[in-house]
Every structure is written in C-alpha cells, then in structure tokens.
**Student:** 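The structure that follows is given in the form of structure tokens.
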Amino acid sequence: MATQRPVRIANFSGAMGDRFDAFEQAIHGEPVDVVFGDYMTEAFDSMLIAAFLSRSQNWENFYAELFMQQLLPQLEAVARKGIKVVTNAGVFNPRGMARAIRAAVAQRGLGLKVAYITGDDLREEAAGLLARGQLVNMDTGAPLACHARGLLALNAYLGGWGIKAALDEGADIVITGRVADASLVTGPAAWWHGWRRIDLDKIAGAMAAGHVLECGPQATGGNFSGFTRIEDNILPGFPIAEIAQDGSSVITKQAAQGGAVTVDTVTAQLLYEIQGPLYLNADVTWHTNSVSLTQEGPDRVRITGARGSAPSTTTKVNIDFQDGYRSAVWIFPTGLQIEEKVAILKAQASRAARDHQIDALKVFVCGQPVEDPRDQWQATVPVQIVVAAPSKETVSQFIAQLTSYWLGSFPGFYTEITRVYTDAPQPRIDYRAALVRQDALKHQVHLPDGRVLHIAPPPGAQPFTGQPAVPATPPAEPGAFGPTVHRPLGEVAYARVGDKGAHANLGVWVSDPTAYPWLASYLTVAELRRLLGIEGVDVERYEQPLLHGISFVLKGYFSPSGSANLDLDQIGKSLGEFLRARHVDIPASLLTPAH
C-alpha cells in the first residue's frame, strides 16, 4: 500500500497496566490509521514470571487479558473504521491470544483478519543455541554461563518486518510476543509507505518516532522533569506520530487529552534508554545523534534528519532465570533520635542474618523528619529492610526471627502488620541480556487462512563492533561562563532515566540551547560520579548536541540486574531527579528556572 499521505499511528499503552480507557479513546478519537500498544517491559516480564511461580501457575500460557478486555468491546468500531491494531500483548502466548480474538470475531460475524507472529520464544532451541556458541552475553561477548534447563524464558527482540508482512496480507489485528518496542511502529510505517528493507534512513526515522511513542504518555508530559510547566499535567494523553514517506515525523496527541507535546517532552523520550550514538534494532541501526526537533505549533514537534545504517547480524535476547527468593518489610521510626533507632534496626537485622544462609540484606532509610512537625507523619521516616536467600524457607525464617525482636526494639516501633503476616517470599527473577544471530531465528507470520510466512534475516547485516568514540567537550576554565550561583542542577537541566538489564541509562539536557556549552563542559563522568555518589560502575558518556543533552550509560548500576537487585528504586526511575536535586555552581546568566 503506497501513499504519500503520512500515516497516523496512535499509542494506547506504554506498559502493562497503563490506562484502561486509552484504547477506546484511540479508536473513537481523532482519525488514525493504526493504533498500537506496548505491554512488555524487561522488569515487568520478570515480575510476571515471579507472580506465576509464586502461585505455581504456568506463565508460558500467559497473554495480556487486559488487552482483550480493551479490544473486545471495540471490535465493531475497529471493523467499521478500518483501523489496524498492532500489539505485543501476546506476551508469552501470541498464538493463544490470536485464537481467542478470532473466536470473538467469528461469533460476532465480523470480517476482521487476525494474524500473529512467532519466533521470539527460544526456550526449545536454547540447548542447541548454547551448544553452537550462541546466546553470548550482550556486554562481554562471553558464552552464557548457565544450563538450558535453568532458563525460565528466552525471548528474542524481533524486528518490524513480520508486522509489515502481516499487514501486507490484509491483517487487521496483529498480535506479537517480544518484538523491539519501536518495531510496533516501524512495521506499520513500512507497510503504509511500501518501504523496502534497504530504506534504512526511512526506517530509522520511523524508529525514532516509535521510540518516542513506545512509553505512551511519557511523550506528553508523564514522568517529565518539567511537569510543572505542563498546564494540564494530571492525566497526560497518549501520543500520535504522523510518519511521512521520507521517514520524518510529527509527534502530536489528541487535542482533547491532557498533557502537552513539546521539544522537551520529546527530547526526554529520545534520550530514554538509548545505548549511545548507535541504537541497535533488528531492522536498522539508528544514529541517535542525527535527529533534530522543531516545535511547529501547539502539541506538534517535528523530528527530522534521522540516519540509519545496516542492522547488526545479532539481536538482543531477554533471558530470565530464578535466583532464589526475596522479601521486604517496612518499619517507621518516628520523632527524635532517628539515627539511633535506625542503628537498632540494622543491628537486629544483622543479628537475624547471622543465623541464616542469606544472599543479601539491605536497609533503606528514606528521608529525615521535619523539625517541629505539624503531625505524626512529618516526624516519620520510612525504612525498608530487604532480604534475599536461596530458598523460600530461609527467607521466611529470617523474617520470622527479625519480627521476634520487635517488642524489644526502639520506642514507637510499628510496621505494616498485614503485609508482614500475609506476604509470602517472592521468587527472585534475574534478567540477563544476550545476543543471538538473526539467521538463527524462525521469525514467522501466521495468517488467518493457515498460511505461514517466513521472514528472512535482514540483508546486508553487519557485525556490531561497538559504539563509536565521541569527542568530549573539554572542561571549562573556572569563571569561563561568568559568575556562578550554588543552586540545584534541576534549575537549568532536565533528566530522564531508563533501565536495560543491569545498566541504567541517564539522559540530561537543557531546554535553552545557550546553556548546552556549559552543561557539556561541566557534566563530566567524574562530576557525575561525584554527584551521584557512585563508585565501581563503568560510565559511558555520549554528547548529543542536536538535542542539547548528554547520554550516560551506567554499566552494571543494577546488580545483578534491574529485576533481581534489592534496591528500593529497583530500576532507577528517580535517579535523574536525585541528580537534579544536587547543588552545583551554575552560571548566573543561565538561571531561568527549569523546574
């Protein structure tokens, strides 16, 4: 289907559990050609497996019932309006979801065609892949150090060409399992415009748009450092991309919905969870430092200039396996002598730990009380104690021993009583990212007439040799930008953090282009380490001058992974806001508040 009109692609879900009414609003709102929803995240997939294991149920047959509840009441509207629906809500069972939707379509006498895509699930192939030296660690290149029988889930990131093929064959609804998030957009864009697999710049442009849209309302002011500058910031709307034939796009939203689309809300997503100047996708390598943004009008930001090069011969694989069990309790010391009360808690936790074979114990003290508090809660400091151990029994025994000390603990002791006595230890699911050759995958499209299309690996794929060296702006001499004021970094800079396996991805940028030379010269790796108080973490730094920002990759920040670490902020969502709260010497001339 070739046309010169831009395709309008609307997002209705950025993650499992996103706003339920978003699908209905996308279908009945301003006209769109395609709607898509993302239901899979690395951390959520691990939590999903943990939840099923804790109830002795089989996650392998899981698909997102939530999407079914959204879709089924709107099937007639989807058919009447001719809107294409694309989603990875099939999760671990796209075949089962497609069959359920087909049954509902047939029962209602609708003509909707439902296709599904397989090839991401590699559990049956795991032993053979390991024997052939596949599934190498994504970061080290070393073979995966585990046995195939111990792997709970292995899901490869597929590209968008299976989605395009399904749409080419007339599918109205396309259900996938694990695909690259942006593939939910690149596939429909390639179908609409009739792109070829060698149209790398165009695919890269669609990928940039998909990267902005994939997290739903994060593109319209959700999770945005500048949220106070968004007039209607209670329920930000879901974004829409108008993707042109040349791959450029305009990011917008439905006018009736909240939030806003600005250069900064779009920048936040472009700097979110990127690996550096080269962002790998199964269909293209997107050069993230090639795009430029222009505010064309209210809630309309144009993305241009995207460049793409050959995709890698390998693609990423999510690998989940169980690493024992975990549990946590909250305690709330109140009033005076908080440090001394916390010291007793730590000592009691350490005493319980000595009697059990635990893997890890952490204590998180969250804040400090207000002086002369107006109520009890201003005088309260939440404290979380987290434990991990090889067996459920060990975790339970540790918690039981810890609770046995509490009548003899500090004055005013209390806890979340119902959680302590009702919550069982949860499986601790570890996540690893590996690589598999794309030519080892069985990427298949299953059409409603029974035909199966085989999607070949991308032509011209090249081995990835690493991120290119990017020259860093040298640190400025003291006083180079004039007199300074010691103020929070967040008064001039925004930040957004994402997680990828064991790595945290931190984007920092300025809204005022004149502030970028200072940011680039000031925020070095050494200064970032100082501000965040991190040691023993390999930090990669990439300047993004067209976006007036810097992308940092904190390698191994989540130990051992985002899903298995015991930190309170388990996937680092507030790390950027912590950075913005740190006081630094800012040139007085730049202090137009950005908070």
Side-chain angles (χ1 to χ4, degrees), residues 223-229 264 267-268 271-274 338-339 362 364-371 381-382 384 472-499 503-512 514-544 547-559 565 567-595:
N223 197 13
F224 172 49
S225 293
F227 72 105
T228 57
R229 292 188 166 187
D264 285 315
T267 298
L271 290 179
Y272 176 68
E273 293 186 344
I274 61 173
I338 293 294
E339 289 186 7
K362 288 197 173 185
F364 298 97
V365 182
C366 305
Q368 58 187 10
V370 172
E371 186 175 354
V381 176
Q384 188 188 55
T473 300
E477 294 294 327
F481 294 95
T484 61
V485 181
H486 201 60
R487 299 293 300 161
L489 178 62
E491 292 196 6
V492 294
Y494 296 121
R496 172 69 66 77
V497 178
D499 62 292
H503 305 335
N505 302 77
L506 169 62
V508 184
W509 76 99
V510 289
S511 183
D512 179 3
T514 64
Y516 176 69
W518 169 78
L519 180 71
S521 63
Y522 164 71
L523 198 55
T524 62
V525 168
E527 184 64 0
L528 184 78
R529 287 185 184 279
R530 184 187 74 83
L531 293 172
L532 295 181
I534 55 174
E535 298 295 337
V537 175
D538 182 19
V539 179
E540 296 179 354
R541 179 185 185 275
Y542 303 102
E543 295 182 12
Q544 298 273 359
L547 298 177
H548 312 128
I550 305 169
S551 173
F552 295 95
V553 181
L554 281 60
K555 308 196 83 170
Y557 181 79
F558 306 117
S559 180
N565 78 79
D567 289 349
L568 180 59
D569 184 7
Q570 196 170 347
I571 52 176
K573 286 298 185 182
S574 63
L575 181 63
E577 291 304 292
F578 168 51
L579 175 66
R580 294 179 68 244
R582 293 302 312 270
H583 285 224
V584 303
D585 293 327
I586 301 172
S589 61
L590 302 179
L591 279 171
T592 300
H595 49 75

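This one's a predicted model, so the numbers in the text were calculated from it and none came from an experiment. Only heavy atoms go into these numbers, but all of them, side chains included; no hydrogens, no water, no symmetry mates.
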**Student:** What are the two closest non-hydrogen atoms of Arg541 and Leu523, and how far apart are they?
**Tutor:** NE-O, 2.9 Å
**Student:** Quick one: does Ser225's side chain get under 4.5 Å of Arg496's, heavy atoms only?
**Tutor:** no
**Student:** Is any side-chain heavy atom of Leu506 less than 4.5 Å from a side-chain heavy atom of Leu528?
**Tutor:** yes
**Student:** Distance only, no hydrogens: is a donor on one side chain within 3.5 Å (strictly under) of an acceptor on the other, for Tyr542 and Glu540?
**Tutor:** yes
**Student:** Closest approach of Pro488 and Ala581, non-hydrogen atoms and distance?
**Tutor:** CB-O, 4.2 Å
**Student:** Looking at Val537, is its backbone amide N or carbonyl O close enough to the side chain of Arg529 to form a donor-acceptor pair, meaning the two atoms are under 3.5 Å apart?
**Tutor:** yes
**Student:** Going by heavy atoms in the side chains, are Asn565 and Tyr557 under 4.5 Å from each other?
**Tutor:** no
**Student:** Between Trp509 and Phe224, what is the ring plane arrangement, given parallel below 30°, perpendicular above 60°, and tilted in between?
**Tutor:** parallel
**Student:** So which atom in His503 and which in Gly556 form the shortest heavy-atom distance, rounded to 0.1 Å?
**Tutor:** ND1-N, 3.0 Å
**Student:** Give a yes or no on whether the backbone of Ala588 and the side-chain of Arg487 come within a donor-acceptor separation of less than 3.5 Å.
**Tutor:** no
**Student:** Atom CG of Leu575 and atom CG of Leu532: how far apart are they, to the nearest 0.5 Å?
**Tutor:** 5.0 Å
**Student:** Restricting to non-hydrogen atoms, name the atom on Leu568 and the atom on Phe364 that form the minimum distance, rounded to 0.1 Å.
**Tutor:** N-CZ, 3.4 Å
**Student:** For Ile274 and Ser551, what are the C-alpha separation, side-chain angles and deciding distance, and is it a side-chain contact (heavy atoms from CB on, under 4.5 Å)?
**Tutor:** CA-CA 8 Å; Ile274 61 173; Ser551 173; 3.6 Å; yes
**Student:** May I have the step-by-step check of side-chain contact (heavy atoms from CB on, under 4.5 Å) for Asn505 and Phe552, ending in yes or no?
**Tutor:** CA-CA 6 Å; Asn505 302 77; Phe552 295 95; over 6 Å; no
**Student:** Could you tell me if the side chain of Leu489 sits less than 4.5 Å from the side chain of Val584, heavy atoms only?
**Tutor:** yes
**Student:** Is the side chain of Asp569 donor-acceptor paired with the backbone N or O of Gly572 at a distance under 3.5 Å, no angle test?
**Tutor:** yes
**Student:** So, Thr524 side chain and Glu527 main chain: donor-acceptor pair closer than 3.5 Å or not?
**Tutor:** yes
**Student:** Check whether any side-chain N or O of Glu543 sits under 3.5 Å from a backbone N or O of Thr473 as a donor-acceptor pair, and report yes or no.
**Tutor:** yes
**Student:** Does Thr267 reach the main-chain N or O of Leu547 with its side chain, forming a donor-acceptor pair under 3.5 Å?
**Tutor:** no
**Student:** Contact between Asp512 and Val492 at the side-chain level, heavy atoms closer than 4.5 Å - yes or no?
**Tutor:** no
**Student:** Quick one: pull up CG in Leu590 and CD in Glu491 and give me the separation to the nearest 0.5 Å.
**Tutor:** 11.5 Å
**Student:** Do you know which two heavy atoms are closest between Pro474 and Ser521, and how far apart they sit?
**Tutor:** O-CB, 3.5 Å
**Student:** Closer than 3.5 angstrom, by distance alone: can the side chain of Glu273 be matched with the main-chain N or O of Asp499 as a donor-acceptor pair?
**Tutor:** yes
**Student:** Taking C-beta and beyond as the side chain, do Lys555 and Val539 meet within less than 4.5 Å on heavy atoms?
**Tutor:** no
**Student:** Measuring only between side-chain heavy atoms, which start at C-beta, is Pro517 closer than 4.5 Å to Phe481?
**Tutor:** yes
**Student:** Hey, is the main chain of Leu531 close enough, under 3.5 Å, to the side chain of Arg582 for a donor-acceptor pair?
**Tutor:** yes
**Student:** For the side chain of Asp585 and the backbone of Val485, is there at least one donor-acceptor N/O pair under 3.5 Å apart?
**Tutor:** no
**Student:** Just wondering, do Tyr494 and Ser511 contact through their side chains at under 4.5 Å, heavy atoms?
**Tutor:** yes
**Student:** Set out, in order, the CA-CA distance, both residues' side-chain angles and the distance that settles side-chain contact (heavy atoms from CB on, under 4.5 Å) for Gln384 and Cys366, then state yes or no.
**Tutor:** CA-CA 8 Å; Gln384 188 188 55; Cys366 305; 5.7 Å; no
**Student:** Determine the minimum heavy-atom distance between Phe558 and Gln570, stating which atoms define it.
**Tutor:** CD2-O, 3.5 Å
**Student:** Evaluate side-chain contact (heavy atoms from CB on, under 4.5 Å) for Leu271 paired with Gln544, printing each intermediate quantity in order.
**Tutor:** CA-CA 9 Å; Leu271 290 179; Gln544 298 273 359; 3.9 Å; yes
